[in-house]
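The structure appears below as structure tokens.
Just so it is clear: chains get the letters A, B, ... in the order the sequence lines come, proteins before strands, and each one is counted from 1.
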Amino acid sequence: MTNNFDKDSPISPKSIIQPDWCDRPSTTIAPALIGCQLLRQLPNGPLIRSTIVETEAYAPGDPACHAYSGKSKRNAAMFGPPGYSYVYLIYGMYHCLNVVTEAAGIGSAVLIRALELDTIPPQLEAKLEAKQTAKPHRIAAGPGKLCRALEINRDLDGVHFHPDSGIWLEHRLEPIAPSHIVQTTRIGITKAAEAPWRWYLKASKSVSKP
DNA sequence: ACAATGATAGTT
DNA sequence: ACTATCATTGTA
């Protein structure tokens, strides 16, 4: 029996994360996404493959969750089906990318906080070369930075994580031992700041704040 | 320590 | 209509 897809193709259908997989609590999905791949087909650019190294969970009944006060125009995608995106603008200048979790009607999501990029996006190459202090592994080390690097904005809000959308997720290539993942408190929030709902890959140099 | 920068949600 | 807030980041 042979597969009908090219094994050299950057797209491997068997490993793509499907909506059903995301139909679980955000506190389960957030650590499960560590080590998974985020793929982004840049508009007028290359396909960028990356590894998720830091996530945070936002849950129903969680005062820090954007869905806490009910559905609105901004957060509507959080109440949509799992395996879709929720993208919002923060501080007027950065965007943040989330993976929507749990069934439609339940407002919960996982914030993607940091990535390790396999390749440097072309629009950042010149900038990286000009600045000697700039480090390649820090290009996507933060929720705002990764959206800038992968050209993610509100146009990608509420889209299905799927190759047709130009952005999708793939399962881990190798299992990760739980001891290699650190669980700690979330960053940049004042409400429910004590909830230990942030996870990151201990060995990664691309974590926003180790 | 703080400015940049704009949408949003809550309050008059 | 006004205002405080904001799941951030780069520079000083």
Just need the stems in DNA chain B: three or more back-to-back Watson-Crick or G-U pairs, each with both distances under 3.5 angstrom, sorted by first number.
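DNA chain B forms these stems: B:1-4 with C:8-11, B:6-11 with C:1-6.
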
Taking OP1 and OP2 of B:dT8, is either one under 4.0 Å from a side-chain nitrogen or oxygen of A:S72?
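So the side chain of A:S72 is outside the cut-off, no N or O lying under 4.0 Å from OP1 or OP2 of B:dT8.
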
Ion pair present between A:E170 and A:R49, side-chain N to carboxylate O less than 4.0 angstrom?
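Counted as a salt bridge, because a side-chain N and a carboxylate O are separated by less than 4.0 Å.
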
Answer yes or no: is there an ion pair linking A:R186 with A:E56, defined by an N-O contact shorter than 4.0 Å?
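Looking at A:R186 and A:E56, the cut-off is not met.
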
Quick one, give me the B/S/- string for nucleotides 6-12 of chain C, reading 5' to 3', where B means a protein heavy atom under 4.0 Å from the base and S means that only happens at the primed atoms, P, OP1 or OP2.
BBBSSS-

Atom CZ of A:R154 to atom C1' of B:dT8: distance rounded to whole Å?
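Spelled out: CZ on A:R154 to C1' on B:dT8 is 10 Å.
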
Tell me, do [X] and [Y] make a side-chain contact under 4.5 Å, heavy atoms counted?
X: A:V87; Y: A:I152; answer: yes
X: A:R198; Y: A:I187; answer: yes
X: A:L150; Y: A:L38; answer: yes

Heavy-atom pair with the smallest gap, counting every atom of A:C147 and A:L97:
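Heavy-atom minimum between the residues: SG-N, 3.6 Å.
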
Nearest heavy-atom neighbours spanning A:P121 and A:I48
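Nearest heavy atoms, A:P121 then A:I48: CA-CD1, 4.1 Å.
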
Option passing side-chain contact (heavy atoms from CB on, under 4.5 Å) with A:L156 (candidates A:H95, A:E151, A:R40)
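The side-chain contact (heavy atoms from CB on, under 4.5 Å) with A:L156 is passed solely by A:R40 among A:H95, A:E151, A:R40.
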
B:dA3 to C:dA4 separation - P atoms, rounded to the nearest Å:
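The same atom, P, in both gives a distance of 16 Å.
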
